[in-house]
Amino acid sequence: MPKRYWLMKCEPSAYSIDDLARDGETCWEGVRNFQARNFMRNDMRVGDEVLFYASNAAPPGVSGLARIARTAYPDHFAWEAGHKYFDARSKPDAPIWYMVDLEFVERFAETVPLSVLKTTQGLEAMKVTQKGSRLSVQPVTRAEYDIVVRLGRPTGGG
DNA sequence: GCCAACGTTGGC
DNA sequence: GCCAACGTTGGC
């Protein structure tokens with residue numbers, strides 16, 4: 001299967017690109033939306049490229065790049081009573097929620113703001129630029145990925 | 001902090 | 001199966 005491209009959201013107060021840079025790799029627990037889970041569980045492969053999106057930030061936008069380091073496996077936090085991500089419906093022998101592992105790739109010098117994504121030609125179809133889109137794990141096209149990477153790596157003149 | 005938009009739940 | 005109520009997301 002060819003490499004795929006994704007956008008994954010997280011609030012920096014919970015986990016930021018700086019945290020990922022420090023950790024090198026992290027598990028992406030806590031996704032509790034079926035559509036987002038399905039993308040992770042069914043479609044993500046090791047080596048897929050990820051736009052790391054900071055939501056509820058100032059400004060919100062893509063703060064860096066990551067890569068899928070491990071395909072989906074059960075989100076065991078759903079089994080831990082009292083945990084923030086506990087869900088009694090999920091059981092070890094019948095998990096509902098899954099997570100993947102992400103590895104750090106790059107931190108943009110400056111976040112590519114949502115406002116820029118919204119006004120950049122070629123990104124009109126991205127879910128994140130559309131009003132009311134709350135999906136925290138979204139597929140993006142290679143063309144969209146490349147445009148955002150270009151925006152995140154200013155050439156410094158020329 | 002506000003609130004619109006969305007996904008989920010549950011009564012019927 | 002419908003849909004109102006609710007909780008959450010996330011831009012502003």
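Just so it is clear: chains get the letters A, B, ... in the order the sequence lines come, proteins before strands, and each one is counted from 1.
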Quick one: which of [options] gets closest to the side chain of [X]?
X        : options               : answer
A:Tyr53  : B:dT9, B:dT8, C:dG11  : C:dG11
A:Arg89  : B:dT9, C:dG11, C:dG10 : B:dT9
A:Phe34  : B:dT9, B:dT8, C:dG11  : B:dT8
A:Arg134 : B:dC6, B:dT8, C:dG11  : B:dC6
A:Lys9   : C:dG10, B:dA4, B:dG7  : C:dG10
A:Ser55  : B:dG7, C:dG10, B:dA5  : C:dG10

### Message
What I'd like to find out is whether the side chain of A:Glu49 reaches to under 4.5 Å of the side chain of A:Arg142, using heavy atoms alone.
### Response
no

### Query
Do A:Met99 and A:His76 have side-chain heavy atoms sitting under 4.5 Å apart?
yes

Separation of [N] [atom2] from [X] [atom1] (nearest whole Å):
X        : N      : atom1 : atom2 : result
A:Ile96  : B:dT8  : CD1   : C1'   : 13 Å
A:Phe39  : B:dG7  : CZ    : C1'   : 15 Å
A:Glu11  : C:dG11 : CD    : C1'   : 11 Å
A:Tyr85  : C:dT8  : OH    : P     : 12 Å
A:Leu135 : C:dT8  : CG    : P     : 18 Å
A:Lys131 : B:dA4  : NZ    : P     : 9 Å
A:Met8   : C:dG10 : CE    : P     : 13 Å
A:Lys127 : C:dG10 : NZ    : P     : 14 Å

### Task
Identify, between A:Ser133 and A:Asn56, the residue whose nearest nucleotide on DNA chain B lies closer to the 5' end.
A:Asn56

### Query
Taking only N and O in the side chain of A:Lys118, is any of them less than 4.0 Å away from OP1 or OP2 of C:dC12?
yes

### Task
Have a look at A:Arg37 and say if it touches a base, only the backbone sugar-phosphate, or nothing, with a 4.0 Å heavy-atom cut-off.
nothing

### Centroid separation A:Trp79 to A:Tyr85 less than 6.0 Å
no

### Query
Parallel under 30°, tilted from 30 to 60°, perpendicular over 60°: which one fits the rings of A:Phe34 and A:Trp97?
tilted

### Task
Can you label the angle between the A:Trp28 ring and the A:Phe52 ring as parallel, tilted or perpendicular, going by 30° and 60°?
perpendicular

